[in-house]
Amino acid sequence: STAMQQELFLRIDDVAFSGDYLSLYDSPTVFVNNELAKVYGLPQAATDGFRRQTLPAGSPRSGLLGSGAILASNGLPQRTSPTLRGRFVAEQLLCKVVPPPPPNVDTSVLNTLPPNATVKATLEAHRQNPACASCHALMDPIGLALENFDSVGAYRTTANNVPIDATGALDGVPFKDEASLATALRNHPDAVPCFVSKLYEQAQGRTPLAVDNPVLADLGKKFVTSGHRADQLLLDIVSSDAYRFVEITTR
């Protein structure tokens with residue numbers, strides 16, 4: 001919805017120029033109007049409008065992956081999609097390479113589950129197929145951690161009349177729900193280099209090449225030293241020789 005998109009812009013703007021950008025991944029700070037407050041289980045305001053609020057301590061919702069915009073946009077109209085949600089995290093936040101699905105893949109198995117069946121067990125059975133396992137192993141365990149949120153991002157404890165099991169592991173780090181996944185994501189060793197490379201790619205207007213690796217490593221060190229300041233990282237990128245000069249090779 002428009003409200004969800006606006007909140008996402010407000011969240012990013014809140015940290016992009018004034019603080020630790022990686023706090024976006026696990027912060028309890030949200031920006032809500034009354035429409036979003038209802039989805040997030042927060043109080044209504046007498047005068048509607050976007051306002052900063054803090055999720056209560058121990059909330060199962062935290063950070064970017066708990067936002068309505070991310071949850072709703074990485075799903076399907078009639079149901080959630082752990083695979084699409086997990087793909088967003090793997091590709092956009094951790095820079096993993098997820099190959100495209102093979103042709104003629106049937107995904108309708110999740111549309112009408114048998115009574116008391118779980119999405120988690122159904123996807124686990126799907127991964128028994130070796131042709132599916134390698135790709136889905138990169139996506140499904142992450143996306144299943146977000147199953148406590150329905151297709152519009154509202155919290156739930158059951159799906160198809162069965163309690164939701166949101167436990168799993170992110171590259172060996174266990175989590176019990178979205179909030180603990182958010183912590184694992186923020187601390188993941190690929191979180192910093194992935195963000196640095198994404199911003200570098202945007203600034204350069206091209207995909208980073210092998211020749212860029214030393215520059216990216218240096219930018220990553222500076223990003224950490226600055227306390228994950230995205231504004232400082234952008235300044236470091238545009239002031240780097242790699243950005244300011246075009247390398248010409250001769251034969």
Side-chain angles (χ1 to χ4, degrees), residues 4 8 11 24-26 39-40 59-102 105-114 117-191 194-195 198:
M4 290 178 179
L8 184 58
R11 287 196 194 204
L24 180 67
Y25 294 174
D26 65 348
V39 174
Y40 291 175
S59 172
R61 185 191 302 271
S62 180
L64 184 67
L65 299 185
S67 68
I70 297 302
L71 292 166
S73 64
N74 291 284
L76 300 171
Q78 74 275 21
R79 65 170 174 84
T80 63
S81 174
T83 299
L84 291 178
R85 288 174 171 179
R87 182 174 182 172
F88 168 80
V89 177
E91 290 187 332
Q92 301 303 318
L93 304 182
L94 297 176
C95 292
K96 295 179 183 290
V97 177
V98 180
V105 172
D106 181 12
T107 61
S108 64
V109 64
L110 296 178
N111 290 342
T112 53
L113 293 174
T118 68
V119 171
K120 188 168 191 172
T122 303
L123 285 174
E124 285 174 351
H126 185 65
R127 292 199 299 276
Q128 296 305 306
N129 182 339
C132 305
S134 59
C135 296
H136 278 266
L138 296 171
M139 304 179 288
D140 294 356
I142 303 172
L144 287 165
L146 310 180
E147 273 294 283
N148 279 125
F149 303 98
D150 66 16
S151 58
V152 297
Y155 184 75
R156 62 184 182 175
T157 57
T158 64
N160 202 27
N161 298 315
V162 180
I164 291 170
D165 176 10
T167 61
L170 176 62
D171 292 334
V173 177
F175 55 77
K176 64 178 182 178
D177 55 16
E178 187 276 326
S180 53
L181 170 62
T183 302
L185 174 62
R186 179 203 169 94
N187 295 329
H188 195 286
D190 292 338
C194 183
F195 176 66
K198 293 284 186 183

For [X] against [Y], the heavy-atom pair lying closest together:
X: Glu178; Y: Leu146; value: CG-CD2, 3.3 Å
X: Cys194; Y: Gln92; value: SG-O, 3.7 Å
X: Ala191; Y: Leu185; value: CB-O, 3.5 Å
X: Phe175; Y: Ala166; value: CE1-O, 3.4 Å
X: Gly63; Y: Arg11; value: O-NH1, 2.9 Å
X: Pro99; Y: Cys135; value: CD-SG, 3.6 Å

Audit row: Phe88, Leu65, side-chain contact (heavy atoms from CB on, under 4.5 Å) steps and yes/no: CA-CA 10 Å; Phe88 168 80; Leu65 299 185; 4.2 Å; yes
Spacing of [atom1] belonging to [X] relative to [atom2] belonging to [Y], to within rounding of 0.5 Å:
X: Asn187; Y: Leu170; atom1: CG; atom2: CG; value: 10.5 Å
X: Asn148; Y: Lys176; atom1: CG; atom2: NZ; value: 11.5 Å
X: Phe149; Y: Ile164; atom1: CZ; atom2: CD1; value: 9.5 Å
X: Tyr155; Y: Asp177; atom1: OH; atom2: CG; value: 7.5 Å
X: His188; Y: Thr183; atom1: NE2; atom2: OG1; value: 13.5 Å
X: Lys96; Y: Arg87; atom1: NZ; atom2: CZ; value: 14.5 Å

Salt bridge present between Asp140 and Arg85 (N-O < 4.0 angstrom):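 Result for this pair is no, no salt bridge flagged.
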With a 3.5 Å distance limit and no angle check, can you tell me whether [X] reaches the backbone of [Y] through a side-chain donor-acceptor pair?
X: Asn160; Y: Val162; answer: no
X: Lys120; Y: Thr167; answer: yes
X: Arg186; Y: Asp26; answer: no
X: Thr158; Y: Asn161; answer: no
X: Tyr25; Y: Ser62; answer: no

Between Glu147 and Thr80, a side-chain donor and acceptor under 3.5 Å: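 There is such a pair between these side chains.
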Candidate pair Asp165 and Thr118, rule side-chain contact (heavy atoms from CB on, under 4.5 Å), full reasoning: CA-CA 9 Å; Asp165 176 10; Thr118 68; over 6 Å; no
Student check: side-chain heavy atoms of Pro82 and Val119 closer than 4.5 Å: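 The answer is yes; the side chains approach within 4.5 Å.
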Steps toward salt bridge (Lys or Arg N to Asp or Glu O under 4.0 Å) verdict (Asp150, Arg156): CA-CA 7 Å; Asp150 66 16; Arg156 62 184 182 175; 6.0 Å; no
Test side-chain contact (heavy atoms from CB on, under 4.5 Å) applied to Lys198 and Cys95, step by step: CA-CA 9 Å; Lys198 293 284 186 183; Cys95 292; 3.8 Å; yes
